[in-house]
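Some notes on the structure that comes next.
It should be emphasised that the depicted structure is a prediction, and the values quoted were computed from it without experimental measurement. Below, read A as the first sequence line, B as the second, and so on, with proteins coming before strands; counting in each chain starts at 1.
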Amino acid sequence: MTTVRTRFAPSPTGYLHVGGARTALFSWLYARRFGGKFVLRVEDTDLERSTEAAEQAILDGLQWLGLDYDEGPYYQTQRFERYREIARQLLDEGLAYHCYCSQERVDAVREAARSQGLKPRYDGHCRDRHGAAPAGVTPVLRFKNPLDGEVVFDDQVFGRIAVANSELDDLVLIRRNGAPMYNFAVVVDDSDMRITHVIRGEDHINNTPRQINILQALGAHVPQYAHVPLIRGGDGKKLSKRHGAVSITQYRDEGFLPEAMLNYLARLGWSHGDEEIFDLDRLTQLFDVADVNRAPSVFDQDKLRWLNQHYVKAADSERLQALLSEQFDALGLDAANGPPLAETVEALRERAPTLADMAHASDYFYSEFDAFDEKSAKKHLTVGSAPVLQRLQECLGKVENWQRPPLEAAVTQVSEALSLKMGKVAQPLRVAISGRAATPPIDVTLALVGRERTLSRLSKAQEYVAARTAGAES
RNA sequence: GUCCCCAUCGUCUAGUCGGCCUAGGACACCGGCCUCUCACGCCGGCAACAGGGGUUCGAAUCCCCUUGGGGACGCCA
């Protein structure tokens, strides 16, 4: 039995988007599940659009997700000689031909077909051309696609698909500049690299019959195909920037955890009963492309956030601290200017879906906030809160041991002394020291904000209330 | 336009080759409990088999049509 060999073959013309990441994951999982090899191949035949930056972004994305490859990366630009060799072979065997048609003629032919309600196709003008080649014209090499019959293949996801050869035209194998076209390079590579299972996006389903025809002309083995449905945006359209982040590294930068992304991606189009939580080991043990759904699915950030929250709650503290530190850097916050990161992480890990959220929710521990949140101040820093704030200022000022128990005792003492419910005391205090109405428990918040900042912010809050009172009286 | 494909709650999906489905789970949403706020957690609720024909004792599950949606038609990948 031949070993399974799958591949991920991105073209370095943009970042790694979530759809690509998912097909990479599926290919990786399939190889792992069946003890095979996962090959990485960079399809950089488009010399104009390929960039090193894009390639790096793709590699970074794969590494972040932990999708390691056993072979590669192979580069198609380094295999041009091989493509030309095969092209020559096809030409010699009469399975391909030179085409001297101008771009204008080809466009005109397509346009004519379209206006007649037909599929735009090359008309095979040069296929049966006789006589000398036109002088001064560099030809492209076209494949002699079979004229009749049909191509049938059993897709592991979609089942049997049949396409009539009459629907296909003679596609270009080698362009005028000598570079191979996608469909040709893919076929040569998949064959040379002994790929057994081609797992790719559904948008390639129409390329498959063409590729199979070329493979057969080459006398090469036809691999198993598995086309994965595309990921859509909330409006049903192809996922794009309009729908939010699509770049995998952007999710990384926004403080998502790779295990959450992997879990989410795996569940998009695939499931195992009612299970929702899967780690890579579990997936490796259960995943099969044959179980992937046929219908396209919509990328739901809410569910991704929920999963991320789940993993944040379970993550190792030191790891979260390092990640939070990166978020601080991005926000220009100095972790040295506040409580230990470990304490911040503990206080916020259950109330921050992402590390970016955590950073935003803890900024007031490390820097002064510009202003009180308007709504919160209006509701809690009222005229009536003046005596509360004053009493808090006194009692907290006396706390020497700035730890949670004595801090909580102080706050409780104020509420009892003024015969006020805890909420009437804690909320004004909370807004005063954090600028907002939602923070961790008040004793935790006090401890994290620190003595000095608490007392100075309490003073500011009292000034704010006083100013507000004056404004109300005038 | 032509070809290919798809169709269960708003979203991700379960639904073994038809009966156990008065269609299950999760996210989101709504309500409750907990409670100093938020969050977590727990409890409860709302919500779907696109429509129409068949086949069958019986269909979300099989077949056909309609409708809707997507993809592909490049000297891009």
Side-chain angles (χ1 to χ4, degrees), chain A residues 9-14 43-46 48-50 76 99 101 103 106-107 110 113-122 138-142 155 158-159 161-164 166-169 171-177 179-183 185-186 201-209 227 229-230 232 234 236-238 264 267-277 293-307 309 313 348-353 361 376 380 408 411-412 415 421-431 434 436-443 445:
Chain A
S11 65
T13 53
E43 310 215 318
D44 52 356
T45 53
D46 186 336
E48 270 78 54
R49 295 196 299 152
S50 297
Q76 293 188 322
C99 170
C101 292
Q103 189 64 61
V106 172
D107 289 345
R110 288 214 174 82
R114 203 184 283 270
S115 65
Q116 283 177 61
L118 298 172
K119 180 182 289 193
R121 302 163 63 241
Y122 174 64
T138 308
V140 297
L141 187 72
R142 282 187 188 275
D155 191 275
F158 286 94
I161 293 175
V163 175
S166 56
E167 289 297 327
L168 276 22
D169 63 0
L171 78 184
V172 171
L173 260 22
I174 302 286
R175 30 193 149 192
R176 208 180 301 281
N177 70 3
M181 285 293 286
Y182 166 76
N183 279 116
V186 164
E202 188 188 352
D203 48 340
H204 286 295
I205 216 158
N206 291 283
N207 286 324
T208 307
H227 289 92
L230 266 21
R232 310 247 200 99
K237 296 294 193 305
K238 191 170 176 182
Y264 180 71
R267 278 288 285 100
L268 215 49
W270 176 88
S271 65
H272 184 260
D274 288 341
E275 277 184 61
E276 293 288 351
I277 305 301
N293 276 167
R294 258 88 39 205
S297 39
V298 174
F299 195 86
D300 180 8
Q301 309 232 12
D302 282 331
K303 189 145 188 180
L304 206 211
R305 287 173 68 79
W306 172 76
L307 275 169
Q309 163 94 76
K313 280 188 286 180
L348 268 344
R349 69 190 312 163
E350 285 194 352
R351 49 200 108 223
S376 305
H380 301 293
E408 182 173 18
V411 176
T412 303
S415 82
K421 291 212 276 192
M422 197 55 166
K424 288 292 180 188
V425 177
Q427 282 308 83
L429 174 57
R430 175 169 276 121
V431 176
S434 74
R436 62 262 253 165
T439 77
I442 198 64
D443 56 331
T445 303

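Within the 4.0 angstrom heavy-atom criterion, base atoms lie near A/Pro440. A/Lys313 comes within contact range of the sugar-phosphate backbone alone, with a heavy-atom separation under 4.0 Å but no base atom that close. Residue contacts shown for A/Glu43 are limited to sugar-phosphate atoms, with no base heavy atom under 4.0 Å away. As judged by a 4.0 angstrom heavy-atom cut-off over every strand, A/Gly201 is placed among residues making no nucleic acid contact.
Listed candidates were B/A14, B/G1, B/C5. Nearest to the side chain of A/Lys119 is B/G1. Picking from B/U11, B/U37, B/C5 the nucleotide with the shortest atom distance to the side chain of A/Ala438 gives B/U37. Out of B/G74, B/C12, B/G24, the shortest distance to the side chain of A/Lys303 is found at B/C12. Picking from B/C6, B/A26, B/C36 the nucleotide with the shortest atom distance to the side chain of A/Phe158 gives B/C6.
With a 3.5 Å ceiling on both atom-pair distances, the Watson-Crick or G-U wobble partner of B/A7 is B/U67. A 3.5 Å limit on both hydrogen-bonding distances identifies B/U2 as the Watson-Crick or G-U partner of B/A72. In this structure B/C34 sits in no base pair that meets the Watson-Crick or G-U test at under 3.5 Å.
Atom CZ of A/Arg114 and atom P of B/A72 are 13 Å apart (whole Å). The CD1-P distance, from A/Ile205 to B/C5, rounds to 8 Å in whole Å. As rounded to whole Å, 16 Å separates atom C1' of B/A7 from atom CG of A/Leu230. Atom pair A/Arg294:CZ and B/A7:P shows a separation of 7 Å (rounding to whole Å applied). Distance, A/His227 NE2 to B/C6 P: 13 Å, rounded to whole Å.
Comparing A/His204 and A/Ser271 along RNA chain B, the residue whose closest nucleotide (by nearest heavy atom) sits nearer the 5' end is A/Ser271. Position along RNA chain B of the nearest nucleotide to A/Ile161 versus A/Tyr182 favours A/Ile161 as the more 5'-ward residue.
In this structure, A/Asn293 reaches the B/A14 phosphate: one of its side-chain N or O atoms is under 4.0 Å from OP1 or OP2. Within the 4.0 Å cut-off from OP1 or OP2 of B/U13, at least one side-chain nitrogen or oxygen of A/Ser297 is found. Checking the phosphate oxygens (OP1, OP2) of B/U37, no side-chain nitrogen or oxygen of A/Ser376 falls inside 4.0 Å.
Remark: A/Tyr122 engages no residue in a ring pair (Phe, Tyr, Trp, His ring centres under 6.0 Å) (not counting sequence neighbours).
Checking A/Thr439 against A/Thr445 by side-chain atom types alone, a donor-acceptor pair falls below 3.5 Å.
Between the base of B/C36 and the side chain of A/Arg430 there is a donor-acceptor pair shorter than 3.5 Å.
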Going 5' to 3' through nucleotides 64-69 of chain B, assign each nucleotide B (protein heavy atom under 4.0 Å from a base atom), S (under 4.0 Å only from sugar-phosphate atoms) or - (no protein heavy atom that close).
-----S

